[in-house]
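Here the structure comes first, spelled out in structure tokens, and everything after it is commentary.
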Amino acid sequence: MKVMIVDDTELALNLLGRIVASLGHEVILRSESLGTLSEVRRLRPDVVLLDLQMPGLRGDALGELIARPQADGYAPVVAFMSGAEPEAIEGALKRAAARAALTKGSPGEMRRQLEQLLTRIAAERATG
Amino acid sequence: MPPAPELEDEGDAIDPAALADLRGLEGDDDPDFLRDILLSYLDNAPKLLLAIHAALARSDASAAGGAAHTLKSSSAGVAALRLSAVAKEIERACRAGEPVEAALATRLDVEAARAAARLVELLPESKKEPR
């Protein structure tokens, strides 16, 4: 799958990109929320992983826009990443029709969460 | 003067299992991945520490909590889990509108220094061919 990762923290962006690439997916990295919506429409990733706490347009507001289906039916799966526990960002998940919240933690924890999420999404897409 | 914080030595500032996970992400296509990640962290963590202390000094809980949040996530990403836990406690206090005790702020500096020193020891040499 094609996975876009949006995070304003360089370290997190590179680490997440490396993890997702190690799981066998194509990775697109973006370090700012501005311009991301047009890039999503241009590059049409299957999944967009958004950091919730970014300067400029917040992750949940951006996720709400990204998750809206285009005229041809295209809509990527949106998932949030946050240092907060998933329960703490439940409201943002609902507002943005995002599918999951990943908790930023150690590399191993993030790899496990991402592997589980991306495997589930790939299976769902394969079965339509 | 408040009592000096207890500087317990609970083990390595860098969690061995988390570090092994990080090393496991290295690959031939990016041989300096670990080095680059650690250098990026060592470059940015002091700035975050300064931002936390400056914000606490001017009682700006929002800014202090935001910087502590970033330090928490970044530190966890490089296996500095003890520092991450201290940053998490400062973030929690800031978000809850509670005062950040001086001992906790000092503990942050102590753990940050320990983590940085250990990461410098662990920093691998560049594996890229010189141009």
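None of the values given here were measured: they were computed from a predicted structure. Throughout, a chain's letter reflects where its sequence line sits, starting with A, and its residues are numbered from 1.
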(message) Let me check something: do B/Leu48 and B/Leu50 share a hydrophobic cluster, defined by ILVMFWY side-chain heavy atoms less than 4.5 Å apart, either directly or through other members?
(response)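 B/Leu48 does not cluster with B/Leu50.
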
(message) Could you measure the distance from the CG atom of A/Asn14 to the CD1 atom of B/Ile37? Nearest 0.5 Å is fine.
(response)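 Rounded to the nearest 0.5 Å, the CG-CD1 separation comes to 5.0 Å.
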
(message) I need the A/Asp51 CG to B/Ser73 OG distance, nearest 0.5 Å.
(response)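 Reported value, rounded in 0.5 Å steps: 7.5 Å.
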
(message) How about CD on B/Glu125, more than 12 heavy atoms from neighbouring residues, nucleotides or ligands closer than 6.0 Å, or not?
(response)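 Counting other residues, nucleotides and ligands, CD of B/Glu125 stays at 12 neighbours or fewer.
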
(message) Within a 6.0 Å radius of atom CD on A/Gln70, are there more than 12 heavy atoms belonging to other residues, nucleotides or ligands?
(response)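 Atom CD in A/Gln70 is packed in, count exceeds 12.
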
(message) Minimum heavy-atom separation for B/Ala76 and A/Pro107, please, with both atom names.
(response)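 Of all heavy-atom pairs spanning B/Ala76 and A/Pro107, the closest is O-CD, 3.5 Å.
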
(request) Might you point out which heavy atoms bring B/Val78 and A/Leu11 nearest each other, and give the distance in Å? (result)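 Scanning both residues completely, I find the closest heavy atoms to be CG1-CD1, 3.8 Å.
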
(request) For each of A/Arg18, A/Met110, A/Glu10, A/Glu109, tally heavy-atom pairs with chain B at distances under 4.5 Å, and name the one with the top tally. (result)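 Option with the top pair count is A/Arg18.
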
(message) With a 4.5 Å cut-off on side-chain heavy atoms, are A/Thr9 and B/Thr70 touching?
(response)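 When only atoms from C-beta onward are counted, A/Thr9 and B/Thr70 do touch, with a gap below 4.5 Å.
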
(request) Side chain from CB out, backbone as N, CA, C, O: work out which of these in B/Tyr41 comes under 4.5 Å of a heavy atom of chain A, or both, or neither. (result)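 Both parts, heavy atoms under 4.5 Å.
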
(message) Heavy-atom pairs under 4.5 Å with chain A - which of B/Asp21, B/Leu81, B/Asp15 has more of them than the others?
(response)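 Heavy-atom pair counts peak at B/Asp21.
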
(message) Applying a heavy-atom distance below 4.5 Å, give me the residues of residues 29-45 of chain A that approach chain B, sorted by number.
(response)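 When heavy atoms of chain B are the reference, residues 29-45 of chain A contributes no residue within the under-4.5 Å range.
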
